[in-house]
Colleague: 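Handing you a structure now.
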Amino acid sequence: MKRQTGRQAGYCMIAAVLMFLIVVPILTVFMEAVMTDGRLSFSNAVNVIWDSSNLQTIGNSILLGVLVVMVSTLIATPLAFILVRTKFAKHKWLDIVLMIPFMTPPYISSMGWILFMQKRGLFQQLFPWTGNLSESFFSLFGLTLAMSFHVFPFMTTILKNAIMNINGSLEESGAVFGGSVWYRLRRITMPLLTGNYAIGMLLVFVKTLSEYGTPATLGKRIGFYVFTTDIHRYAATAPIDFGKASSLSSILVGICMIMWFLQNRITSRNTFNLVGGKGRRQESVSNKRIVTVFSGIYIGAVLLFSIGIPYFSVIVTSLIHLRGYGLAPGNFTLGHYAELFMDNPKGVRAVLTSLGLASASATIASILGTCVVASIQKAKHWKRLIEGESLLPEMIPNIVLVIGLMLFWNKIYRFLPLYNTLGFMVLVYVVMFLPYTIQYVSSSMIQIGKNLQAAGQICGGSRLYVFRRITLPLVLKGVISGWMMIFIISFRELVASSLIAPPNVLTVSTFIVREFEQGSVSVGMAMAVICVLLTTTALIILNRLVDREKGKNV
């Protein structure tokens, strides 16, 4: 009874801590939207919503989300079929390469597009006979295209995995009964993909509505304002109005929740059991030369627009000595990289600050997430509540979560004076990215048989000893993977850094944006290259550590 009571008290404490760190700040956003002078009043929130400029923002956000879903679908659907049904299916390296656009910070990609397409930009220098054609990119079309080439890997991966699970005999049955290729695609394949497509559509739509980097760089340039840019403006630019920021945040959360509901409805009605106990085989790969040629051209075009243009622009700009001379021979230098570390102390401090914040956040989140997952394995009634609390940040747009944490910790500043410090930045990063550790460790923990832990306890090992010598080594791969993802994303995080960084504190992301906006574009792009190289190197090193650990456990 004492042990059971102790466990219940432990579960209650974990739930209370997560409630304090995650749930209460989110509720604070909604309370701020409907509270006026300490009294409950919906009139202020209604006035904010029905303001003409805010209605325009809401319409812009929904329109952009729909357009990005449509364009991402056009990009990802043929690509998914190519990666499964053609000779390119055996080139597994394409799966890694096609994730590069997602792993690239969106604000860096959008800056690359701006540098390439702007007046007297790289496109006009390479193709002067096109005149002002490239400048038409600075429109809603260009914004949609830039965001679509960032998020299409979500949909590609989901559709590809779904196509791989379709039994080849289903389409062959349609062919036997005289169905053409297009008929089989329309009446057999596409209906089987509906549920998976709904999941991909939701992810892309919510990601678009929650994205700050691209709208803040390219969107502002064309005067197209969305939820995230207006929320950021109300919360960070004088006169600060947290009421308006909270009202828009509440609408954004509401739209995301509606999309989650619609996706669940569509998926539940259009889910098919494609993998069962019976044997199945994959649809045969097309060996037609014309299919291979067109598939190669299509993959090349996708890689050019999603990786080639942004990275070419960023790297070349970081090497240009005098921007007025552009791509002229002899106008290239490594001086901007040297300037970052020798003549620009703010650049060095930005890198060190980002490294420290990312390392601390990843370490704390990994320890906290691992302890939470390990502690609730035997919980019955508490497990769902605790997991729901810990995964809530994944469902809430980052900017809304940051606003909630700002409001909540401002209110308790007299008791816990953490706000406006580097410690508060670490806290925000931990809360934002805790779901990564929860998911990675949970997936590893599920694979561990209960008999292993029971054997350790039977042999006299305490719970701590069993966890340290049996459970932890088996889930270490998941812990390291979660640490890796949190480190990479924290290192390049923009929206939280721009809102909560203490005065005179720059991170890599805010340094890049500041240099870009103030005209020191080459220095900013040099920092962008360093940012990508550091995160990529961390990814490679940690992947090798995971592989080495996996080899030890085999």
Side-chain angles (χ1 to χ4, degrees), residues 12-49 54 57-58 206 209-210 212 227-258 260 361 364-365 368 385-386 388-421 423-435 493 495-502:
C12 183
M13 184 177 67
I14 294 173
V17 170
L18 293 176
M19 178 77 69
F20 178 80
L21 292 177
I22 300 173
V23 179
V24 175
I26 295 174
L27 293 177
T28 305
V29 175
F30 297 100
M31 294 301 298
E32 186 71 20
V34 298
M35 296 294 292
T36 303
D37 297 328
R39 294 177 299 176
L40 183 65
S41 174
F42 293 91
S43 60
N44 189 41
V46 172
N47 291 333
V48 171
I49 295 171
N54 291 332
T57 296
I58 296 171
V206 172
L209 261 64
S210 307
Y212 172 75
F227 276 120
T228 51
T229 52
D230 272 8
I231 292 172
H232 187 278
R233 175 167 58 87
Y234 286 133
T237 305
I240 293 176
D241 193 331
F242 281 120
K244 291 183 178 179
S246 299
S247 297
L248 288 179
S249 298
S250 301
I251 299 172
L252 176 56
V253 173
I255 293 175
C256 292
M257 293 298 103
I258 291 173
W260 281 106
S361 303
I364 295 173
L368 178 61
L385 171 64
I386 293 174
E389 289 178 332
S390 59
L391 294 176
L392 190 58
E394 191 175 53
M395 302 175 62
I396 302 296
N398 285 343
I399 193 168
V400 176
L401 187 59
V402 174
I403 295 294
L405 289 165
M406 290 173 62
L407 292 170
F408 176 67
W409 285 87
N410 254 321
K411 293 181 183 297
I412 64 172
Y413 185 81
R414 288 183 299 175
F415 309 100
L416 292 172
L418 188 63
Y419 183 76
N420 208 29
T421 65
F424 182 66
M425 295 186 70
V426 173
L427 172 68
V428 172
Y429 287 169
V430 170
V431 173
M432 288 171 60
F433 306 126
L434 180 63
E493 168 61 32
V495 63
S497 301
S498 62
L499 283 171
I500 63 175

Colleague: If you compare all heavy atoms of Ala236 against all heavy atoms of Ile240, which two are closest, and at what distance to 0.1 Å?
Modeller: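 Taking every non-hydrogen atom into account, C-CG1, 4.4 Å.
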Colleague: Are any non-hydrogen side-chain atoms of Phe242 and Ser249 less than 4.5 angstrom apart?
Modeller: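 Phe242 does not reach Ser249 side chain to side chain.
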Colleague: Working to the nearest 0.5 angstrom, can you tell me the gap between Tyr429 OH and Ile364 CD1?
Modeller: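 It is 13.0 Å, given to the nearest 0.5 Å.
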Colleague: With sequence neighbours excluded, tell me which residues meet side-chain hydrogen bond (donor to acceptor under 3.5 Å, both in side chains) with Asp230.
Modeller: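 Residues passing side-chain hydrogen bond (donor to acceptor under 3.5 Å, both in side chains) with Asp230: Thr57, Arg233.
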Colleague: Is the ring pair Phe408/Phe20 parallel, tilted or perpendicular, if the boundaries are 30 and 60 degrees?
Modeller: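 Correct class here is perpendicular.
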Colleague: As an exercise, state the distance from OH of Tyr212 to NE2 of His232, rounded to the nearest 0.5 Å.
Modeller: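 These two atoms lie 3.5 Å from each other.
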Colleague: Indicate the atoms forming the closest heavy-atom contact of Ile22 with Ser390, along with that distance.
Modeller: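 Minimum heavy-atom contact is CD1-CA, 4.1 Å.
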Colleague: Around atom CE of Met13, are there more than 12 heavy atoms from other residues, nucleotides or ligands closer than 6.0 Å?
Modeller: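 Not buried by this count: 12 neighbours or fewer within 6.0 Å.
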Colleague: If you round to the nearest 0.5 Å, how far is CD1 of Ile26 from CD1 of Ile396?
Modeller: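 The distance works out to 4.5 Å.
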Colleague: Report the residues that fulfil side chain to side chain contact (heavy atoms under 4.5 Å, CB included) with Ala501, sequence neighbours left out, ordered by chain and then residue number.
Modeller: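 Side chain to side chain contact (heavy atoms under 4.5 Å, CB included) list for Ala501, sorted by chain: Met425.
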Colleague: Nearest 0.5 Å, what's the CG-CE distance between Leu392 and Met19?
Modeller: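 Going from CG on Leu392 over to CE on Met19, the span is 10.0 Å.
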Colleague: Say you draw a straight line from CE of Met406 to OG of Ser246; how long is it, rounded to the nearest 0.5 Å?
Modeller: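 Answer for the CE-OG pair, Met406 versus Ser246, is 10.0 Å.
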Colleague: Just so I know, are the side chains of Val428 and Leu499 near enough to count as touching, which here means a heavy-atom distance under 4.5 Å?
Modeller: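 Not touching, per the 4.5 Å side-chain cut-off.
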Colleague: Search all heavy atoms of Phe227 against all heavy atoms of Leu252 and return the closest pair with its distance.
Modeller: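 Closest approach of Phe227 to Leu252, heavy atoms only: CD1-CD1, 3.8 Å.
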Colleague: Could you tell me which non-hydrogen atom of Tyr419 sits nearest to which non-hydrogen atom of Tyr413, and how far apart they are?
Modeller: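 Residues Tyr419 and Tyr413, closest heavy atoms: O-CE1, 3.7 Å.
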Colleague: Quick one: pull up CD1 in Ile58 and CD1 in Ile251 and give me the separation to the nearest 0.5 Å.
Modeller: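 Spacing of CD1 (Ile58) from CD1 (Ile251) equals 4.0 Å.
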Colleague: For the backbone of Val495 and the side chain of Ser498, can you confirm whether one donor and one acceptor N or O come within less than 3.5 Å of each other?
Modeller: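 Yes, because the side chain of Ser498 sits within donor-acceptor range (under 3.5 Å) of the backbone of Val495.
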Colleague: Run the side-chain contact (heavy atoms from CB on, under 4.5 Å) check on Leu434 and Leu18 step by step: do they pass?
Modeller: CA-CA 11 Å; Leu434 180 63; Leu18 293 176; 4.1 Å; yes
Colleague: The test is side-chain contact (heavy atoms from CB on, under 4.5 Å); show your working for Ser250 and Val29 and say whether it passes.
Modeller: CA-CA 7 Å; Ser250 301; Val29 175; 4.2 Å; yes
Colleague: Considering only heavy atoms from C-beta outward, does the side chain of Asn54 approach that of Tyr234 to under 4.5 Å?
Modeller: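 Yes, at least one pair of side-chain atoms sits under 4.5 Å.
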Colleague: Any idea which heavy atoms bring Gly404 and Thr28 closest together, and the distance?
Modeller: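 Closest approach of Gly404 to Thr28, heavy atoms only: O-CB, 4.4 Å.
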Colleague: Which atom names give the shortest non-hydrogen contact between Ala15 and Glu389, and what distance separates them?
Modeller: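 The pair with the smallest heavy-atom distance is O-OE1, 3.2 Å.
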Colleague: Any side-chain heavy-atom pair from Phe433 and Val430 closer than 4.5 angstrom?
Modeller: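 No, their side chains stay 4.5 Å or more apart.
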